[in-house]
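Here the structure comes first, spelled out in structure tokens, and everything after it is commentary.
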Amino acid sequence: MNSPEDKLDQLFAAARRAKPETAREEFAFETRLTARIRAERGREIPWLAFSWKLTPLFACTVLMLGAWFAATSTTDPMDLASALSGGNEEAMLARYLTTTY
Amino acid sequence: MTVPTEGPSDEHLIQNALAGSDGAFAELALRHKHRVFGIAARFARHAHELDDIAQAVFIRAWQSLSTFRGDAPFEHWLSRIAVRMCYDVLRKTRRDRESLSLDENPITYETLPDPKDDEESRNAREILQRGMAELSPDERLILTLLELEEKTVKEIADLTGWSEANVKVRAFRARDALRKILTINKDLTP
């Protein structure tokens with residue numbers, strides 16, 4: 001007695017015997033592929049590929065500029081935030097109270 | 001069919017292809033095209049689609065050749081690309097089919113011409129194609145690899161990137177779904 005499971009197995013077994021025949025489609029495939037690769041290569045934008053190579057240079061430049069700004073920037077003594085962070089709040093208050101505007 | 005691999009090794013050809021040699025990559029394609037066509041033929045609906053899939057597989061391989069680490073044979077790496085490409089095609093086909101109304105040109109699964117087919121095999125394949133066309137892409141992929149290509153669970157896990165447990169569960173569900181579809185279609189009645 002053939003159960004649906006057995007019948008399904010028989011279908012798979014019969015379908016397995018029919019290996020796909022692809023010789024005709026494979027003919028001269030390398031030639032078509034090489035032509036396609038050349039076309040793909042022609043579509044590449046050279047400057048785009050080159051710009052990726054410049055990424056480390058851009059990163060270094062940004063880091064150097066950051067370091068340079070950090071080293072050369074001076075804190076404004078009239079700036080409240082920097083006065084507080086530097087522990088100069090009393091001097092700041094005295095200056096504020098004694099300055100005439 | 002095994003393509004004789006006389007001459008330079010795959011690794012040597014890969015190095016040359018990476019250095020820009022189209023001839024070296026064409027030689028790789030010549031050696032391994034039969035395997036790629038064999039996988040794609042299980043999923044393609046007609047000869048043009050088969051050629052498109054095979055070309056897409058080799059173009060993807062060419063684009064990512066620098067990522068090939070060589071810890072598995074090139075053929076295995078290429079098969080993985082082929083299986084994933086076929087999965088993408090199945091999903092796209094499914095989306096296209098869902099976007100068509102029933103009155104519009106429905107997609108039918110043609111069989112590739114094969115003079116060696118016997119009547120029973122041809123019928124079996126047609127019944128299976130009809131039934132499997134109603135499955136989800138992952139169900140269809142897994143049944144094709146497991147039942148038609150006779151891959152092991154481990155091989156399927158390697159090809160698809162799914163875990164072995166996941167492959168087993170998906171295979172069980174896919175087989176169950178196909179059995180139900182074929183029963184409704186009365187394709188499993190003796």
Side-chain angles (χ1 to χ4, degrees), chain A residues 1-70, chain B residues 1 17 20 22-23 25-31 33-34 36-42 44 47-48 50-51 54-56 58-59 62-63 111-129 131 143-144 146-150 175 178-180 182-183 187-190:
Chain A
M1 170 95 179
N2 268 352
S3 69
E5 276 297 312
D6 294 337
K7 182 76 181 158
L8 189 56
D9 281 334
Q10 285 168 13
L11 278 177
F12 279 127
R16 267 197 301 270
R17 282 203 300 275
K19 289 276 178 199
E21 179 56 57
T22 56
R24 204 175 54 181
E25 287 76 20
E26 287 178 37
F27 180 72
F29 175 73
E30 316 74 62
T31 313
R32 296 195 297 279
L33 180 68
T34 306
R36 171 106 182 253
I37 285 175
R38 286 190 181 137
E40 292 278 329
R41 194 179 279 137
R43 272 201 286 273
E44 281 178 6
I45 306 168
W47 61 263
L48 189 63
F50 187 66
S51 69
W52 278 108
K53 291 181 181 166
L54 292 176
T55 305
L57 182 68
F58 290 141
C60 282
T61 309
V62 168
L63 285 174
M64 284 169 65
L65 281 172
W68 183 73
F69 278 121
Chain B
M1 188 173 80
D22 289 346
F25 194 75
E27 175 64 26
L28 280 171
L30 179 67
R31 282 183 189 181
K33 66 181 176 181
H34 189 69
V36 171
F37 271 88
I39 294 170
R42 295 286 189 193
H48 282 302
L50 176 60
D51 194 60
Q55 284 205 30
F58 277 99
I59 292 287
W62 174 70
Q63 286 169 336
T111 54
L112 296 164
D114 181 3
K116 285 183 281 186
D117 265 5
D118 60 69
E119 187 71 23
E120 189 196 357
S121 302
R122 214 169 23 245
N123 285 343
R125 202 164 60 177
E126 281 170 15
I127 290 170
L128 283 177
Q129 277 173 340
L143 282 185
T144 303
L146 190 71
E147 303 287 358
L148 299 179
E149 290 290 307
E150 294 186 286
R175 205 182 148 92
L178 181 63
R179 188 170 39 73
K180 282 176 184 158
L182 295 182
T183 304
D187 283 323
L188 288 183
T189 48

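Below, read A as the first sequence line, B as the second, and so on, with proteins coming before strands; counting in each chain starts at 1. Just so you know, these numbers use all the heavy atoms, side chains as well, and skip hydrogens, waters and symmetry mates.
- The side-chain heavy atoms of A/L8 and B/E147, taken from C-beta on, include no pair separated by under 4.5 Å.
- Annotation: side chain of A/E26 is not in contact with side chain of B/L50 (no heavy-atom distance under 4.5 Å).
- Here B/D51 does not pair with A/R24 in a salt bridge; the nearest charged N to carboxylate O distance is not below 4.0 Å.
- For B/L148, the parts lying under 4.5 angstrom from a heavy atom of chain A are both the backbone and the side chain.
- Summarising the geometry of A/L11 relative to B/L128, their closest heavy-atom pair is O-CD1, 3.7 Å, with the distance given to 0.1 Å.
- Here the shortest heavy-atom pairing between B/R179 and A/P4 reads CD-CB, 3.9 Å.
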| said: The test is side-chain contact (heavy atoms from CB on, under 4.5 Å); show your working for A/F29 and B/V36 and say whether it passes. | reply: CA-CA 11 Å; A/F29 175 73; B/V36 171; over 6 Å; no
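- Here the closest heavy-atom approach between residue B/A47 and residue A/E25 is recorded as CB-OE2, 3.5 Å.
- Looking only at distances, no side-chain donor or acceptor of B/K33 sits under 3.5 Å from a matching main-chain atom of A/E30.
- In this structure, no portion of B/E149 lies under 4.5 Å from any heavy atom of chain A.
- When side chains are defined from C-beta on, A/L33 counts as touching B/F25, because their heavy atoms get closer than 4.5 Å.
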| request: Kindly determine whether B/W62 and A/R36 satisfy side-chain contact (heavy atoms from CB on, under 4.5 Å), including the steps that lead there. | output: CA-CA 11 Å; B/W62 174 70; A/R36 171 106 182 253; over 6 Å; no
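- Between the side chain of B/S121 and the main chain of A/A14, a donor-acceptor pair closer than 3.5 Å is present.
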